Structure formats: structure tokens, C-alpha cells
Amino acid sequence: MKNVSFALSLALLAPFAASAEGVSAADVKAAAPCEERAAVRGDALALDLFRELVAERSGNMIFSPRSLEAVLGLLEQGAQGEALELLKGLPGGDLKVASAMKVQSADALFVAEDLKLRRAFDDVRPVPFATNPAEAVSLINAWCAEQTRQLIPSLVDASSVTKSTRMVAANAIYLEERWLHPFPAEQTAPLVFTLSDGSSVRVPMMNTTASFAYAQGDDWAAVALPYREQQPGEPGCMVAVLPRGPLADFVAGLSPDKWEGIRAALAAAPLREVSVVMPTFELCTPVQSLRAAMERRGMSLLFDGADWSGFTAEPLVLSDVLQRCYVKVDEQGTKAAAVTGAMMNRMSIGPRPQTIWFNRPFMWVITDLTSPAAPYFMGVVERPEAPQKR
């Protein structure tokens, strides 16, 4: 990656302290409760997709595993056969864990006005996909904006919603939390931030000193920045991780066991005085397709030949899963939102064509197919060059 990403690995702009007394991951392996180690396995799907998305993009990136898993839960209600078994077997998290944060989540099924569902589903919204796709786009985007308090004004457009669209399974998440220890606004000042390519920029940096959980490992240091508890449940926080080496390398090696070690180390760390310096930032991603990342993590079946007859007798195909996210971090706290949509289209009648894309290095041969004669030419294309006029 050419730029620093602020998704899971938010860079604390402070060096590793050689004399720091933070708890290490190794210190807590034996002490971490079995329940904690088992529960954290719910992060496996999130980490798999996070690694894929960071690797395929440059620059800042935001991803909402919770919103995606909510949409996969909607799809599970209509899946049959192998697709149902795949969805049930995904290593997702528990969506029913009570949180002390007030996270608002909403689901909806936008269905074609003439689509006959097999049974009743929660919050079904008929839209005119076939007769007026533009109005369908407007209705879906209005719902996105309403559920995210205008932070995400749109998810779909004329390229993703057409007359062949039959259903969009959508989830929206909105979160607004205050720090337990706010950063004093008067201490925010422009400081140097070093980019992944070695260059630097000056950006507004917050800083505060308060009681935080701090831990470090061989190639990372981390701090948990707690939010105020608004209701009974699991306390919420932002875990900010500073890799010792390149961020891209660290994310590529971030296995569930490693992430479990970071979380467990922070959970076991005693609160101590820690000075935290980090940038304020506000990011809103463009609409991103999750399909390629999902296919690379073993979910190709969902997009090719899956049985969605639990929704309707009409043959449907999942064409894409789209997501858009927003996050703002400042002296007072965090505001974040995400919308995810599973795009369900009418399945084409007749056999589906086989596709082969020569979009990577390939071999070529000029020959015939029946004689034992040697080929006329053979070669490989590593880097295509445009033909020149002769």
C-alpha cells in the first residue's frame, strides 16, 4: 500500500517505548479465559476479508464486518442446499452479543413489485425495479441516508440496479460514541505524519494522557481507547495498533490467533498512564464491491449456481455485494456508519457461458489441431504492448 490505512490498524503516532511496562501477548496466553479465546474466533471471517480488501486496494480503507454478516444472515433466510450449508458454516461473529455501545442496525429486503415471496419476511419493501429502476435507486438510497443519519447518502446507482434486479438485501449500521477520556481540543496541533513511501505530511494530531490499557508484542504496540458505557453490555473501545514494520506486511500476517493475542493482551493489561498521540480523520469510502474478496475466501458458490428458492420460486442469482462506509474520529469520540447490499438479479434462461479472461500473463501457440507438425509459433505474454501501425 502506498498510503497509510486507518481501518483496523490505526497508527498511533508515537514510537515503541523500550522501557514500556505494557502487557505482552505472550504474558497472557495462559491467563486468557477459555471463553474469550473461543469467542474471538468470531473474528475469523472479518480478518480474512479485511486482509483481502487491504491487499487489493491502496490508500485508506474502511470495512464493516458486522454489516456484511447481517446481510449474509438475510441471505441465509432464503438459501437452500449447498448455499445454505456454506452460509451456516462461515466463521462469523455472534450478532446477538449485548454491547454497552448504542449501535443502531436495520435490515430491509427491497423486492420487485411483481416478485412473489414464498413466505413473510421482516421489513419487505416493494420497489419498481422492472418498470422504473431510477425510482428504485432513489428509494433504496433514501433508506440508506435515513438509517445512517445522512452520513451515507447512497449505495446503488443505475449501474448496479437495472430492470433485471429482483431483490436487494440491505443492512445499515450507525454508531456515535464519546470517548471515556476525551482529547483536549486545545492540545490538537499540526504534526508530521510519515507515509508508507517514506514521505511525510503535516496533519492535525490529538494528544492526551490518561489511564488506558496498553500492550505490545514482537512487531506491534496497541492501546484500547474506551468509549463511555451507554447501557449494560460489553464495553466498547477503539483498538489502535501500531505495527513495528510496514503496515501492509503486518495486515497480511494478521491471523485470527494473532488478533486474539492482541485483544487478550489488552484485556489482561492493567490500566496505566499512557500518552496517546493520533490524527483526527474523517473518511467516506466510495461504494466498494466485496465480491472478489468473498470469492477468494471460498464463497464463490454464492455467486455461481446458489439456490435461493427459500425466497421465491423465481430463479435468482447473487450478482454482487456492495458496501459503503463512513468514519469520523475527533477529540470527542467516534461517529461511524455502513450500508451493505446484496444484489439479486433474474437468472438468465439457458446455459451460462464459460468465461476466460486473459488478464494476467499467458502462453500462446500458432498451430493446427490435427497434424503432428511442429507449431508455427509459440510464446508468452508477460506485459502486453499495443500493436504499432506498419
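What you are looking at is a predicted structure, and each value in this text was computed from that prediction instead of being measured.
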Minimal heavy-atom distance between P256 and L47, with the atoms involved, is CA-CD1, 3.5 Å
When rounded to the nearest 0.5 Å, the distance separating OG1 of T334 from CG of L225 is 8.0 Å
- [ ] Say whether V156 and I173 are linked into one hydrophobic cluster, either directly or through other cluster members, by side-chain heavy-atom distances under 4.5 angstrom.
- [x] no
Value for CD (E56) from CE (M61), rounded to nearest 0.5 Å, stands at 8.5 Å
Tightest non-hydrogen contact, residues A172 and Q147, listed as CB-CB, 3.5 Å
- request: Applying side chain to side chain contact (heavy atoms under 4.5 Å, CB included), run through Y174 and L151 and close with a yes or a no.
  value: CA-CA 9 Å; Y174 175 83; L151 293 181; 3.6 Å; yes
Notebook entry, point to check: Any donor-acceptor pair under 3.5 Å linking the side chain of R272 with the backbone of F212?
Noted result: no
Whether the D157 and S159 side chains hold a donor-acceptor pair (N or O, under 3.5 Å, no angle test) is what I'd like checked.
yes
When every non-hydrogen atom of V71 is compared with those of A342, the smallest separation belongs to CG1-CB, 3.7 Å
**Q.** Heavy-atom donor-acceptor pair, D197 side chain to S199 backbone, under 3.5 Å
**A.** yes
- Does L86 reach the side chain of M299, with side-chain heavy atoms less than 4.5 Å apart? yes
For A83 and L301, the nearest pair of non-hydrogen atoms, with its separation, is N-CD2, 3.7 Å
Scanning both residues in full, the closest heavy-atom pair of A46 with F63 reads O-CE2, 3.7 Å
Q) What about L68 and L74, same hydrophobic cluster or not, with Ile/Leu/Val/Met/Phe/Trp/Tyr joined at side-chain heavy-atom distances under 4.5 Å? A) no
In this structure, would L155 and M344 fall into the same cluster of hydrophobic residues linked by side-chain contacts under 4.5 Å?
no
Side chain to side chain contact (heavy atoms under 4.5 Å, CB included) for V201 and L195? Distances and angles first, verdict last.
CA-CA 8 Å; V201 295; L195 304 177; 4.3 Å; yes
task: Taking atom types as modelled, find out whether S64 and Q323 have a side-chain donor-acceptor pair closer than 3.5 angstrom.
output: no
*If you draw a 6.0 Å radius around CZ in R118, do more than 12 non-hydrogen atoms from other residues or ligands fall strictly inside?*
yes
Could you give me the CA-CA distance, side-chain angles and deciding distance for S154 and R324, then say whether side-chain hydrogen bond (donor to acceptor under 3.5 Å, both in side chains) is met?
CA-CA 8 Å; S154 64; R324 191 175 185 186; 2.9 Å; yes
* Is there a side-chain hydrogen bond (donor to acceptor under 3.5 Å, both in side chains) between T340 and N171 once you walk through the steps? -> CA-CA 5 Å; T340 308; N171 169 267; 5.2 Å; no
* **Q77 vs R119 side-chain heavy atoms within contact, under 4.5 Å** => yes
Q. If we only count heavy atoms from C-beta on, is the S160 to D320 side-chain gap below 4.5 Å?
A. no
message: Within the 4.5 Å heavy-atom criterion, are W220 and I262 side-chain neighbours or not?
response: yes
Distance col, row N207:CG vs E331:CD, nearest 0.5 angstrom, shows 10.0 Å
Passes side-chain hydrogen bond (donor to acceptor under 3.5 Å, both in side chains), D330 versus T280? Steps please. CA-CA 5 Å; D330 61 18; T280 61; over 6 Å; no
In this structure, CD of E82 is separated from CG of D307 (nearest 0.5 Å) by 9.5 Å
Q. Would V127 end up clustered with V339 when hydrophobic side chains under 4.5 Å apart are linked, directly or stepwise?
A. yes
**Item:** Between F311 and F121, ring centroids under 6.0 Å
**Value:** yes
(request) For Q288 and I62, indicate whether the former's side chain and the latter's backbone hold a donor-acceptor pair under 3.5 Å. (result) yes
Any chance CZ of R296 has more than 12 other-residue heavy atoms, nucleotides or ligands included, within less than 6.0 Å?
yes
Open item on the list: Between L322 and M343, is there a side-chain heavy-atom distance shorter than 4.5 Å?
Closed with: yes
Taking every heavy atom of V137 against every heavy atom of A158, the minimum-distance pair comes out as CG2-N, 4.3 Å
d(F183 CZ, M206 CE) to nearest 0.5 Å is 4.5 Å
Could you check K102 against E177 for salt bridge (Lys or Arg N to Asp or Glu O under 4.0 Å), going step by step and ending with a plain yes or no?
CA-CA 8 Å; K102 285 189 175 180; E177 293 295 323; over 6 Å; no
query: Does some side-chain heavy atom of L49 sit less than 4.5 Å from a side-chain heavy atom of R297?
result: yes
| Got a sec: does the CD of E273 have more than 12 other heavy atoms crowding it under 6.0 Å? | no
Any side-chain heavy atom of R149 within less than 4.5 Å of one from E176?
-> yes
Taken to the nearest 0.5 Å, the spacing of L72 CG from E76 CD works out to 9.0 Å
Quiz item: Looking only at atom types and distance, does a side-chain atom of E113 sit under 3.5 Å from a main-chain N or O of F129, one as donor and one as acceptor?
Solution: no
Compare all side-chain heavy atoms of P182 with those of R228 and state whether any distance is below 4.5 angstrom. yes
Open item on the list: So for atom CD, which belongs to Q80, do other residues, nucleotides or ligands contribute more than 12 heavy atoms lying within a distance under 6.0 Å?
Closed with: yes
task = Under the side chain to side chain contact (heavy atoms under 4.5 Å, CB included) rule, what do L109 and D123 come out as? Steps first, then yes or no, please.
result = CA-CA 6 Å; L109 285 180; D123 201 357; over 6 Å; no
Q | T285 side chain to C325 backbone, donor-acceptor under 3.5 Å | A | yes
| query | For the side chain of R202 and the backbone of P190, is there at least one donor-acceptor N/O pair under 3.5 Å apart? | reply | yes
Is it true that W179 and Y227 have ring centroids separated by less than 6.0 Å?
yes
Quiz prompt | Audit row: V239, R263, side chain to side chain contact (heavy atoms under 4.5 Å, CB included) steps and yes/no | solution = CA-CA 8 Å; V239 174; R263 277 191 17 162; 5.5 Å; no
* Under the salt bridge (Lys or Arg N to Asp or Glu O under 4.0 Å) criterion, do D219 and K258 qualify, and how do the steps go? -> CA-CA 11 Å; D219 60 350; K258 187 164 188 173; 2.6 Å; yes
query: Is there a donor-acceptor pair closer than 3.5 Å between any side-chain N or O of R51 and the backbone N or O of G253?
result: no
Check your understanding: Okay, side chain of N141, backbone of C144: is any donor-acceptor separation there less than 3.5 Å?
Key -> no
Would you check, one step at a time, whether the test salt bridge (Lys or Arg N to Asp or Glu O under 4.0 Å) holds for R166 with E314? CA-CA 9 Å; R166 303 298 285 162; E314 180 180 317; 2.6 Å; yes
message = When you measure from the side chain of S309 to the backbone of A313, do you find a donor-acceptor pair of N or O atoms at a distance under 3.5 Å?
response = no
Query raised in the report: Taking T312 for the side chain and K116 for the main chain, is one N or O donor matched with an acceptor at less than 3.5 Å?
Result: yes
| query | Same cluster or not: are V287 and Y326 linked, directly or through other Ile, Leu, Val, Met, Phe, Trp or Tyr residues, by side-chain heavy atoms under 4.5 angstrom apart? | reply | yes
